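Heads up: the structure comes next, in structure tokens.
No experiment lies behind these values; they were computed from the predicted model shown.
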Amino acid sequence: MAVSSSVWDSVLEHTMSAQVKNSEPHLWAIQLSSSLNSAGVDLPSLELAHLLVSHICFDNHVPITWKLLEKALSLNLAPPLLVLALLSTRVVPNRKLHPAAYRLYMELVKRHAFSFSALINAQNYQMIMKSIDDVVHLSQIFGVQLCEPGILLVEFVFSIVWQLLDASLDDEGLLEQSLEKNSRWLSRLQDMEIDGNENFSEKRNEHHEGLHKVNTTMAIELIEEFLKNKVTSSMLYLARQNMPSHWGGFIERLQLLVVHSTALRNSKHTTPDAFLQLTSDTHRVLSREGKTISHHEFHAVMFSGSLKSSVGQCHGASHSAVWLPIDLFLEDTMDGSLVTTTSAVENLISLVKALQAINHTTWHDTFLGLWTAALRLVQRERNTSEGLMPRVDTSLSMLLSITTLVVTNLIEEEESELIDETQQNPASQRKEKLGKLQKGLITSLQLLGDYEGLLTPPQSVSSIANQAAAKATMFISGLTVRNGYSMSINDMPVNCSGNLRHLIVEAFIARNMLDTSAYLWPGYVNARANQVPRGVPSQTTGWSSLMNGSPLTLSMINILVSTPASRCHIGDGFDGSLPEVEKIYEIAVNGSGDEKISAAAILCGASFVRGWNIQEHTILFIINLLLPPVPADHSGSESHLINYAPLLNVLLVGISSVDCVQILSLHGLVPLLAGALMPICEAFGSAVPEVSWTLPTGEELSCHAVFSNAFTLLLRLWRFDHSPIDHVLGDIPPVGSHLSPEYLLLVRNSLLASFGTSTRNKLTLRRYSKILSLSVEPIFMDSFPKLKLWYRKHLECIASTFSGLVHGTPVHQIVDALLNLMFRRINRGIQPSTSGSSLSSGPGAEDAQARLKIPAWDILEATPFALDAALTACAHGRLSPRELATGLHTLLNVSFCQFKSIWFEISWQACEEEVGVLRENIEYCFAIWLKDLADFLPASLATIVSYFSAEVTRGIWKPASMNGTDWPSPAANLSSVEQQIKKILAATGVDVPSLSVGGTLATLPLPLAALISLTITYKLDKMSERFLTLIGPAVNALAAGCWPCMPIIAALWAQKVKRWSDHLVFSASRTVFHHNSDAVVQLLKSCFTSTLGLSPSHISSNGGVGALLGHGFGPHFSGGISPVAPGILYLRVHRSVRDVMFMAEEILSLLMRSVRDIASSALPKGAMEKLKKSKHGMRYGEVSLAAAMKRVKLAASLGASLVWVSGGLSLVQSLINETLPSWFISVHGSEQEGGESGGMVAMLRGYALAYFAMFCGTFAWGVDSESAASKKRPKVLGTHLEYLASALEGKISLGCDWATAWAYASGFVCLMVACTPKWVLEVDVDVLKRVSKGLRQWNEEELSVALLRLGGVGTMGAAAELIIETGL
């Protein structure tokens, strides 16, 4: 309320009277309080504070006035902090003129600046802080837009300490040494006050000088008190978090004081080291001591840095188990059916960061976990059964290229952050932080030598490993190796055996993350100096000769193709590898025609597959070569790409192997490759095949051949092989929205547009070759009309049946020509269907080939109609299955001699007379058909797959009897295949009632029978492999949809390629899970029980990664296929299960069951009661609970990993947004179990769910904001925390045990605070405040404070007030 000026005049008169009379301060205060109350003045009074300070400074600067002021503060007549604010602007700037006033000011600070409870509970709290802001201008100085009273309180405490610091520096003449050289706190009012010297002159005598020194010491000790006090230090920590730039300036001056202050060194109460320690220590976000054993053990496990606990190892939670998510991720990337658009490097960086944060491990432990996981992958793949899938080369690329890039990126990222921090805050302690990750790398690689069992190199790279070890041996022996020298077996030191650690170290030396001092590590080399040969010959390799200017001869080309550039030694390291590849690239760009072809072959050779240190560079060079620039002299309408046909074909063939495509996928370069392939497909598919090129090998190359190679490679980069029914069922998006050519281009455009914008991208760009120039212009499907039309037709084929052909149209004529060419030696009336029911006669067979000298796109457009006509004729008996397969092979340009020999091998059981007639007819056809084969289009395989897949899905064709007469028979080994499938399933704990075909004659849908009959006639060479890798996954996906198609197909193929038998049987066993959801549940259960060591006797009970993933898949034992670990089987199965939400719910359910089993095994019935009675029971109980918590955490990490690999980001977000909230509100009968461990089970379940949710979130979103997925985190996380807030407030009725809900809420928030503090900043401030308030209601005060501490400026005020209220 408004108070008249007469009241304040009366107060001033009363004060002056008391001053003159030297009245008792207490009596003065009582009288003043009475008069103010009578006048209706609210206390504490802001006006009184202003009046008293103005009265004292400095006309009435006498002892009695200071006593009156102190009494007014102690009786809360005036706000203490407002008085301190007013005094700070008057006294501190004039402390040299008024040292006594400065001393008295500090005494008031000591008494009143550490107590805030009365302030925050005052009715005029907000007005007081607003008044302080008006006096000290806190909002203006600190630049904080919010003016909440709590925020202003933090700023004011910070300003008091900073002002005392600046005053101390100034008093000792040190302020000029600071970066800013002046103080914002000392100069504002000093000029104004200095004019009154004559009124209160204080001679600068020795007493004043002594008081001045004492004041400086007192100010320093007062600063220390602020840093020590529990409440004020917490408030300063808030300033440190939310005002980093200001805090940096403060710390810079504080360090200046520590180093140079005489007063600090002479202080009797503190030391410089102790003083600095108060600010250099990282503030513990959670230092709580749990109120119960459960709290203690949960946080002890969460923050444990030791991963070698004997307890953990006893129960399957060994060191390797901590990194189980990495093992699962690496193994999942080895699935040949998975071609991703994102880099494994980026995904693995995010995963490593997540595990390091949640496990709270050192970086050397983290890197060691990464190495051991990658090494386990290599060891699992070294003996993998043969088949069309990635093998050792891909796993070695993962170990020696991808993981080394992960660590390199992390180290460079840290260095970049330190540089940025130093630039923003020169006082930052860079020397203490620099190289922390690099030191972790060195330590991890030194410790890696202890893992000998994992370091044995595959046979294919053992010689390379031996040479790496020999190089190190010769280095420490003082010998040098000439540039480019390649050591032969005879030159190597005796007993110089290399391993995979040597290759890892060399990879880091090549990337300048290590130097050759690594060769001096104890135990790194095993050969002695006297075993090293002294007479090293001076032979040189092809790479060295190339760099010395030698021309590309045939022998040199062979060496360069088979030897990766990273094998060339320049000096002491491998730094020469990139210049060598750059030179080859320049030859491919600027050389002669033959030189270009040779250079392209070299780039696609060993430097691609095993040039681990330069692999990403080599890939980018190849992609760049696939996009040659338009020559300056180019003219005409024909694409300039046509002139590059020989070069492009060598590149296309060179990168088409299974391992090459998978390596491209690992590096995340599939979108860039797709952008390079589409122009080639458009150009060569639109060209008329009138021109051909003669290759150096003498082969003829046509436009159709180049198109086929480019088109089939492009199709493998997206989900072309997916079964049509999958596009409309389950969780897979509908037609048009799945991975497609358009999507690849969108990712490509986004990737190039954003490249170089983030810190990580800038660091990556810095490593790339300077001669590499990729076009960043966006590309869209509209630029490729022919490809776009084909893709639209492809989707139409999937979605609907064929419409009839219009007679006489160009398409009809092409169809007629195709049918005549395919079946012209068979005198049958096979004609394409027209819009009506009539059939038209085809043109003469003699001109069929001539009329097919047309663009490939036109042939592809007509192919489905020809296939439809042929399949219809076969279904109606006008065309035999043999003739159908023969015609298809004609279309695909496959040798009929090969077709003949294989067709009769596949158990074709027919009477001798019929076989004789058939052979006679085929022999007659062979002689004439062979000359027409070369001009046919292998790219039509894509349309064949698309058409037959759609027809199988439509289900309109009668089954084909695989009886050995009409179609090949699987009877010879079908029973064996079924038995092996049962063996695989039984080994993983899966029991399926019946797998047998049932004794009936094996049948396949007619289109599928035609498709499989086509595939089994392929010869297994490199050319056929390119096409089999396209058609194989499609057949698998198609056959998985109808049991028992896949066992039949496996039996047929096993007759053809016996060495593929294990792979085929394994593929067939996966289809069981496509049809049986109970089998999926059983398999998931086996994953949990084997990992946790809870398995039945027929599965390894040791637990951990070894039990989950085993030794991979292959014939490791004599007598056939070895048991497959459940994790391996699940990783090959989960993509065929359409209902991923079902899997997520089952994983959650199995996690809860596992917790119950863990609790039962760790704390058997009656154990808790015995622990209570035992003298040392609590200690034993802590150990038991700690062991249980480790296994609970392992179970949660397994569950989260399975959810992540099964459904990725979308499934994780559905889990957090929908599945978990539904679970909490549902009633769970198992939780009502009696027994003494019931409460323990409920609590462990809550903690398990907290870890589960945190693992899922960090895997999908990352712990920082680097990934694109992290952009979706704030919304999902905010929604989930709103749900938690409502549950904590009692607004939601929970069906689970209260202990579970409490453990989950406290556990999840605790993990978020401790492991993902950046997440907290993304959550709405009001939601954070609600969660914090709810936690307080559940007696989680410290966790409540910790959450608000991390909420940014928006929660800083609330955090400060909660700190004051709780004293935390």
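- Between Phe707 and Phe711, the two ring planes are parallel [angle under 30°; tilted spans 30° to 60°].
- Contact record, Leu648 with Leu641: CD1-O, 3.8 Å, taken as the closest heavy-atom pair.
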Let me have the donor-acceptor pairs involving side chains of residues 338-345, under 3.5 Å, with sequence neighbours excluded, atom names and distances please.
from   : atom 1 : to     : atom 2 : distance (Å)
Thr340 : OG1    : Thr342 : O      : 3.2
Thr340 : OG1    : Ser665 : OG     : 3.1
Thr342 : OG1    : Asn347 : ND2    : 3.3
Ser343 : OG     : Val345 : N      : 3.0

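- At a cut-off of 3.5 Å, with distance as the only test, a side-chain donor of Trp371 or Ser444 sits close to an acceptor on the other residue.
- In this structure, a donor-acceptor pair under 3.5 Å is present between the side chains of Tyr519 and Lys471.
- Nearest approach of Leu448 to Leu455, heavy atoms of both residues: O-CD1, 3.5 Å.
- Here the CG atom belonging to Asp335 is positioned 7.5 Å from the CD atom belonging to Gln662, to the nearest 0.5 angstrom.
- Between Val653 and Cys604 there is no side-chain heavy-atom pair separated by less than 4.5 Å.
- No side-chain donor-acceptor contact under 3.5 Å links Ser592 and Asp594.
- Here the side chains of Ser497 and Asn466 are in contact, with some heavy-atom distance below 4.5 Å.
- With rounding to the nearest 0.5 angstrom, the CD1 atom of Ile663 is 8.5 Å from the OG atom of Ser401.
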Contacts under 3.5 angstrom, residues 618-625 side chains, donor-acceptor by atom type, not counting sequence neighbours:
from   : atom 1 : to     : atom 2 : distance (Å)
Thr618 : OG1    : Ile614 : O      : 3.1
Asn624 : ND2    : Tyr585 : OH     : 2.8
Asn624 : ND2    : Ser773 : O      : 3.3

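- Taking all atoms of both residues into account, the shortest heavy-atom contact from Ile779 to Gly675 is CD1-O, 4.0 Å.
- Judged purely by atom type and a 3.5 angstrom limit, Arg380 has no side-chain atom pairing as donor or acceptor with the backbone of Leu1109.
- Side-chain atoms of Lys596 never come within 3.5 Å of backbone atoms of Asn590 as a donor-acceptor pair (strictly under, hydrogens ignored).
- With no hydrogens or angles considered, a side-chain donor-acceptor pair links Gln615 and Ser397 at under 3.5 Å.
- Atom CD1 of Ile402 sits about 10.0 Å away from atom CG of Leu330, to the nearest 0.5 Å.
- In this structure, CD in Glu331 is found 9.5 Å from OG in Ser395, a value given to the nearest 0.5 Å.
- For Asn709 (side chain) and Ala705 (main-chain N/O), a donor-acceptor pair under 3.5 Å exists by modelled atom type.
- Looking at Gln379, its side chain does come within 3.5 Å of a backbone N or O of Thr456 through a donor-acceptor pair.
- Taking the six-membered ring wherever Trp is involved, the centroid distance between the rings of Trp612 and Phe508 does not fall below 6.0 Å.
- Thr372 contributes a side-chain N or O that, together with a main-chain N or O of Leu368, makes up a donor-acceptor pair within less than 3.5 Å.
- Partner Leu669 forms a side chain to side chain contact (heavy atoms under 4.5 Å, CB included) with one of Leu673, Leu666, Leu672 and no other, that one being Leu672.
- A 4.5 Å side-chain heavy-atom check between Met513 and Glu412 finds at least one atom pair inside the cut-off.
- Looking only at side-chain heavy atoms (C-beta outward), Thr553 and Met556 come within less than 4.5 Å of each other.
- Nearest heavy-atom pair across Leu351 and Pro325 is CD2-O, 3.8 Å.
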**Message:** Apply side-chain contact (heavy atoms from CB on, under 4.5 Å) to residues Thr333 and Leu377 and explain how you reach the verdict.
**Reply:** CA-CA 11 Å; Thr333 59; Leu377 175 71; 5.5 Å; no
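- Taken to the nearest 0.5 Å, the CZ atom of Phe329 stands 11.5 Å off from the CG atom of Leu1131.
- Here the CG atom belonging to Leu751 is positioned 12.5 Å from the CG atom belonging to Leu745, to the nearest 0.5 angstrom.
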**Request:** Evaluate the side-chain contact (heavy atoms from CB on, under 4.5 Å) criterion for residues Glu506 and Leu514: first the C-alpha distance (whole Å), next the side-chain angles of each, then the deciding distance (0.1 Å), finally the verdict.
**Result:** CA-CA 8 Å; Glu506 292 295 348; Leu514 294 177; over 6 Å; no
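- Closest approach of Ile559 and Gly542 over heavy atoms only: CG2-N, 3.8 Å.
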**Asked** What do the steps show when you test Leu627 against Ser775 for side-chain contact (heavy atoms from CB on, under 4.5 Å), and what is the final call?
**Response** CA-CA 9 Å; Leu627 288 169; Ser775 172; over 6 Å; no
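- Judged purely by atom type and a 3.5 angstrom limit, Asn499 has no side-chain atom pairing as donor or acceptor with the backbone of Ala465.
- Two residues are said to be in side-chain contact when any heavy atoms from C-beta on lie closer than 4.5 Å; Gln446 and His364 fail this criterion.
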**Prompt:** What's the verdict on side-chain contact (heavy atoms from CB on, under 4.5 Å) for Ile680 and Tyr644, showing C-alpha distance, side-chain angles and the deciding distance?
**Reply:** CA-CA 10 Å; Ile680 298 175; Tyr644 291 92; over 6 Å; no
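- For the pair Leu447 and Thr443, the minimum side-chain heavy-atom distance is below 4.5 Å.
- Between Trp521 and Val505 the shortest side-chain heavy-atom distance falls below 4.5 Å.
- Distance alone, capped at 3.5 Å, places no donor-acceptor pair between the Ser607 side chain and the Pro564 backbone.
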**Request:** Please test Arg376 against Glu381 for salt bridge (charged side-chain N to carboxylate O under 4.0 Å, His left out), starting from the C-alpha separation and ending with a verdict.
**Result:** CA-CA 9 Å; Arg376 284 191 291 270; Glu381 295 298 326; over 6 Å; no
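- Side chain of Asn409 to backbone of Leu405: a donor-acceptor contact under 3.5 angstrom is found.
- Counting heavy atoms from C-beta outward, Trp363 and Lys439 have side chains that stay 4.5 Å or more apart.
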**Request:** Decide yes or no on side chain to side chain donor-acceptor pair (under 3.5 Å) for Ser517 and Asp515, but give the supporting numbers first.
**Result:** CA-CA 5 Å; Ser517 62; Asp515 56 33; 2.3 Å; yes
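- Between Glu580 and Trp543 the shortest heavy-atom distance is CB-CE3, 3.7 Å.
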**Message:** Before you tell me yes or no, could you show the steps for Glu616 and Arg511 under salt bridge (charged side-chain N to carboxylate O under 4.0 Å, His left out), namely the whole-Å CA-CA distance, both residues' side-chain angles and the distance that decides it to 0.1 Å?
**Reply:** CA-CA 12 Å; Glu616 69 273 25; Arg511 297 187 185 278; 2.9 Å; yes
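- Applying the salt bridge (charged side-chain N to carboxylate O under 4.0 Å, His left out) test to residues at least two apart or on different chains, the pairs with a partner in residues 392-408 are Asp393-Arg610.
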